Amino acid sequence: MGNPDVSEAMSPGEERKSGARPADRHGLLKHSREFLDFFWDIAKPQQETRLEATEKLLEYLRTRPEGSEMKYALKRLITGLGMGRETARPCFSLALAQLLQSFEDIPLCSILQQIQEKHDLQKVKKAMMRPALFANLFGVLALFQSGRLVKDSEALMKSVKLLQALAQHYNHLQEQPQKALVDILSEVPEAMWQEVLPKVLKADLNSVLGSPEHLELFLLAQQKVPSKLEKLMGSVNLFSDENIPRLVTVLKMAATSVKKERKLPAVALDLLRLALRENKFPRFWNEVVEQGLLKKQFWPASYLCFRLLGASLPLLSKEQLQLVMRGDLIRHYGEHMVTAKFPSQFKFAPEMNEYVGTFLEGCRDDPERQLAVVVAFTSVTNQGLPVVPTFWRVVRFLSAPALKGYVVWLRNMFLQPDLDSLVDFSTSNQKKAQDASIHGPERAVFRLRKWIILRLVSIVDSLHLEKEEALIEEVARFCFFHSFFETKKPTSQIPETEQRFSFPVEGRAREVVSSAFFSLLQTLSTQFRQAPEQTQDRRPWTYRLVQFADMLLNHSRNVAPLTPFTTQQRQAWDRMLQTLDELEARSSEAKAKATAFQHLLLLVGIHLFKSPAESCDLLGDIQTCIKKSLGEKTRRTRSKATNPQEPPWVEVLVEILLSLLAQPSHLIRQVARSVFSHICSHLTPRALQLILDVLNPEQSQDKDDNVVVMDDAEKQLENEEDKSSESEDNKNSESEEESTEEESDEEDRDGDIDPGFREQLMAVLQAGKALGGVDDDDEELGDEAMMALDQNLSSLFAEQKLRIQARRDEKNKLQKEKALRRDFQIRVLDLIEVLVTKQPENPLVLELLEPLLNIIRCSMRTSSTKQEQDLLHKTARIFTHHLCRSRHYCRDVGNCVEALYAQVERLVQQAARQADPSVALYYFSASLYLLRVLKGNAADRPGHKAPKKEKAGTGTKPKGPEVAPATSCLDLNLVTPIYSSALSSFLTKRNSPLTVPMFLSLFSRHPVLCKSLLPVVVQHVTGQTRPRHQAQACLLLQKALPIRELRLCFEDPEWEQLIGRILAKVTENLRALGKAQTKSEHLRERSSLELLNTLFRLINHEKLTVDLTAVQGVLQSQQPNLQHRVQQGEHSTGSSRLFDLYWQAMKVLGVQRPKSEKKEAKGVLSATQSPVSMKRKKKGFLPETKKRKKRKSGNTTQEEDAKPAATGGDQPPSTGKKRRRKKAKPAAQAQANGTPATRSPVPEPPAKTPKLQKKHRKLSQVNGATPVSPTEPASEKQYQRELPKKEVSGKLSQSALPRKKARLRLSLASRSPSLLQSGAKKKAQLRKAKKP
């Protein structure tokens, strides 16, 4: 293996030392760089990279099958089998296998010999024993994966011998060699088995039953060569009485070995197949599985049995399934499902679902076996309750006959529960707390019926309507009939009457069925939206159920409702059917509205069976409203009803919808939303007020709502028996909860002690002392006195405990009512959302602003619960997205203009009074929305369409604010004082909730109004206001002045006068430049300079004639103060930004920044930096073979290594001076373009991240850039990193590309490993830092 031809493994330094020829260097090495990289990529953890590298290696070797590359590849792959990194060993093994598969002329025996020589177990050191063992194992696996091992008998025998030797090292390899041997022998043809069998299997039954691997070899041999095995070992009966305990022990060992993998051992499944072949399955299942492994009380063994059960389902017949699914194993599985409820416990149910799903999907052509398995799992019950969930999703794999049979079985079990046919069990905790009075057959029947009805509803959820419409109708009729009717006399016309109960149906069972029916109705109405060809006469499911109910009512001799109808209720039912027929006959124009009313009638009509008294009144009102709504035209005015005694129909219908929304039904919520979308165009102020009264947070806090909020029916139907069973199953968890509850009770008792109870306690203690008749405090009380005192104390504390519990119950009741009320308000918000989206131009929308803002304000303060947060988020979404940002708004405010102005003033004042700026933003946005409405409505010009333009400046210049009232309802004389007062408050109050973005939004949307407000802002730039407010005023002016639409509102003389006034104010502020002490004063200085630069840009852009001599004089007088601050290093970041803004302004005035100041600034910054920051962090290293990729030749490498040494002397290199001269040009160009100047010679772009620097370094290396010595100190680079991003100009100068290349070369040279260069670099940095 030590072939001298493999010269590509040498590093470049070793080549020079060994005197390699130039031809070798330029020939073999040139082609081997890519070749050597393959082996690095093979060891990477990414699978795609490994496979790609292996494929490229094979392609590379196919072109040179006889070259030295093949020898080197085999050497590298064999060496990689024993790498220290465990993740790399399988990678090299796979690559070696593919190599041997591609090149079949390579003998396997030689490869196996090379593996044994390279990783010799006899010569390897003790520390390297484990990698050597794995190298031999992965080597054999590579030979096997190549597909050639089973064809080469010599290599096969050597591999088997090697695996047997590796099996001795169990501490390192565990059972991996035996598993590999089994895998190899499973692929061996029968001809080779004759030769291999005596060497891998001993003729001793004790060794066969000694480990799972030997037993698996025996079973494999029995399957492959049974005659040869019988000659070797004779007749062997593994299921004899003496062998069964040993089989149990072997299976337990196998279960332990796969504990972490969580899979079924192959030996268990092979034993099952052997038992089936020998017709000994009942003996194997009863004695080995149920009486053997299950009795071990060992969870890995139990999981093995569960997996064996799931894997055996496709192999068993119907009779064998009955044996398996009614034994102890399935009962033990049920106990596991019931007790494994904690998150930390392992749950086997998902794995079993996969087994059952695979079985059902694989035998769709055998519905009898499908039905047998599903029924068997459903029959596993815990005191009547099946352990599988009601939403068991494996039923989707059932064929149509099996599904129909399953529904029939569920229906029959509901009608006539057969408890004896169930595999029922009780947990250990349930057995301890067994009570015959509670846990009787009636309780089991109720639990079973409750599960069955929910199972039927869940089956409908997962069905496809076009395939199973008859089955869905059968389930719906079944649920409806047994919810509200009972049979008097069976009849063939109604199949449901022929179904008899073996156990009477209790009232609570009827309630469960009723709740499940309405859940099914919701599913049918929402999920199954039928196409015309899939339904009967395009009728919805609710209509078909109403027809079924009408048929039941007409057969009064055979069927009777559980709650008989009165005459009035029956008349309401008949009128509802008549109204439905009338709605069906409506024209196509009103079809959408008629359909919505039809759904509402059907829904309320079905609720007539659940709550007859309430639904009867609702039906009459709804029919009246329907007739009136369909008989009159759509109106959008707010006219009142002609008859004041009778409320308008829309108000009645809104009250009905609110009462329906009080019920927690998603179906009712959808129907109410649909109906309201058709009647919202007829909405009146009184009807809207009914909705807003429900949403009013103050009213809901002071008194209960008029609408009674109903809790969910299913939550009310939680029975105590289910709770008791769950508490018995989770006894440990409940004990912990009880202890915590006791602690909380003690805390409540400590906190709820009132003075009255304290006085009562003192009185009892004093009475007990007097009762004892003892005057001396040192003497103890007698027994009778102590007993009396204990009794009095116990009664007193019992009363106090009852009082505390009553207060706690009252508190919980109030919290529950509050949560229900919030849920009801969230559902009512659906109506508001429909109104805003369907009728955005309705004037009633304007009345929603303040109620919605009131909800947001109150929810912001009390958004602690989930309901409060949901209410807040939904209200904010409706207000922001559907109202304020809507494209359409009210275009006809009528006579409400004055009210809108009052509302704008009220909203702005409330925004200024809020404590939270986020709430103030909502109020301010509402005022802007009203301004938009006022601006969009024409005044005295009904046919004028110009208000559609919402942005000023699209046409000619307006001549003043007087133009706005002529084109819209917006009167600036009324609006300006409102916002002027708010702006003055913002610029004077210490803690104002108003913010700068609010007024900027106002300025950008209404520039004419901004013109009127600018004097207020200019007034607060200077004066007696606080520095923070002056800075905010400067910021407002800086952002508002560049607005183009604002400029169009001014005449040229007015604009020049305004600019001059603002310039004078800023000049007055700048007289204190450089003297700031507080943070707000620093902010004022920076804002003033930024505003000054904005003014300069406007002056230069518009060529205004403004006198700048005063400003220049003030700026020049303050230069020493700024320079002193920079030299002192105070507030380095802020001072740097301020200094840059100062020189940016001076540049406009024609004063260039002196170079001496730049050098001093650089020196100060470099001196303040620590020497540690100058050091470049070490990024790591690469192997020598990878570094060769960066070198072109030996001569160039030596020259490049010599360059840093040459530049490390005392004389500075000439390249740095050239760079400085080149860098001066972009600086001049940047100053000419008006960009801010910096203290460095050139405005460098922001420093790149290390990743980008590394990327650019690689790019320069690929392009052939030669590393140059560093000339710029690290302090200058650090200063360049600190420059803000705003100062970099948008376009690069002409010399930017050469400067980038120089900087990349600089970073390349700084990473050179030369010690001489690093020493010279440090000396140069220290010299730069010491300069003044």
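Along the sequence shown, the residues carry numbers beginning at 1. A quick note: this is a predicted structure, and the numbers were derived from the prediction, not measured.
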Salt bridge (Lys or Arg N to Asp or Glu O under 4.0 Å) contacts in which one or both residues fall within residues 674-689, not counting sequence neighbours: none

Salt bridge (Lys or Arg N to Asp or Glu O under 4.0 Å) pairs, two or more places apart, involving residues 663-685: R669-D830, R673-D830, R673-E833

Side chains of D693 and Q689, donor plus acceptor under 3.5 Å: yes

Spatial distance of atom CG (L545) from atom CZ (F609) [nearest 0.5 Å]: 10.5 Å

SB check R544 E469 (cutoff 4.0 Å): yes

Under the side-chain hydrogen bond (donor to acceptor under 3.5 Å, both in side chains) test, residues paired with H555 that sit two or more places apart: Q493

NZ or CZ of K610 within 45° of F484 ring axis and under 6.0 Å: no

Partners meeting side-chain contact (heavy atoms from CB on, under 4.5 Å) with A349 (sequence neighbours left out): Y333, M337

Heavy-atom check, side chain of W409 versus side chain of T378, under 4.5 Å: yes

Separation of L831 CG from L835 CG (nearest 0.5 Å): 9.0 Å

Within-4.5 Å side-chain heavy-atom neighbours: R455 and W392: yes

Selection residues 397-411 - residue pairs positive for salt bridge (Lys or Arg N to Asp or Glu O under 4.0 Å), sequence neighbours left out: R411-E474

Interatomic distance, L454 atom CG to S515 atom OG [nearest 0.5 angstrom]: 8.0 Å

For K838, all residues meeting salt bridge (charged side-chain N to carboxylate O under 4.0 Å, His left out), sequence neighbours excluded: none

Which residues share a salt bridge (charged side-chain N to carboxylate O under 4.0 Å, His left out) with E506, sequence neighbours left out: R508

Rounded distance [0.5 Å steps], CG in L852 versus OG1 in T875: 6.5 Å

Counting only pairs under 3.5 Å, give me each side-chain donor-acceptor contact of residues 565-574, with atom names and distances, residues two or more places apart or in other chains.
residue, atom, partner, partner atom, Å
T566, OG1, Q569, N, 3.3
Q569, OE1, T566, N, 3.1
R570, NH2, N554, OD1, 3.0
W573, NE1, D550, OD1, 3.0

D870 bridged to K874 by N-O distance under 4.0 Å: no

Spacing of R575 atom CZ and L619 atom CG [to the nearest 0.5 Å]: 8.5 Å

Listed partners of Q578 passing side-chain hydrogen bond (donor to acceptor under 3.5 Å, both in side chains), at least two apart: none

Listed partners of K488 passing side-chain contact (heavy atoms from CB on, under 4.5 Å), at least two apart: A560

Pairs flagged by side-chain hydrogen bond (donor to acceptor under 3.5 Å, both in side chains) wherever residues 598-607 is involved - sequence neighbours left out: E584-Q598

Side-chain donor-acceptor contact under 3.5 Å, S399 with Q370: yes

Name each donor-acceptor pair under 3.5 Å that joins a side chain in residues 476-483 to protein atoms two or more places apart or in another chain, with its distance.
residue, atom, partner, partner atom, Å
R477, NE, E496, OE2, 3.3
R477, NH2, E496, OE1, 3.4
H482, NE2, Q499, OE1, 3.2
S483, OG, C479, O, 2.5
S483, OG, V513, O, 3.3
S483, OG, S514, N, 3.4

Closest non-hydrogen atom pair between N842 and C680, with its separation: ND2-O, 3.9 Å

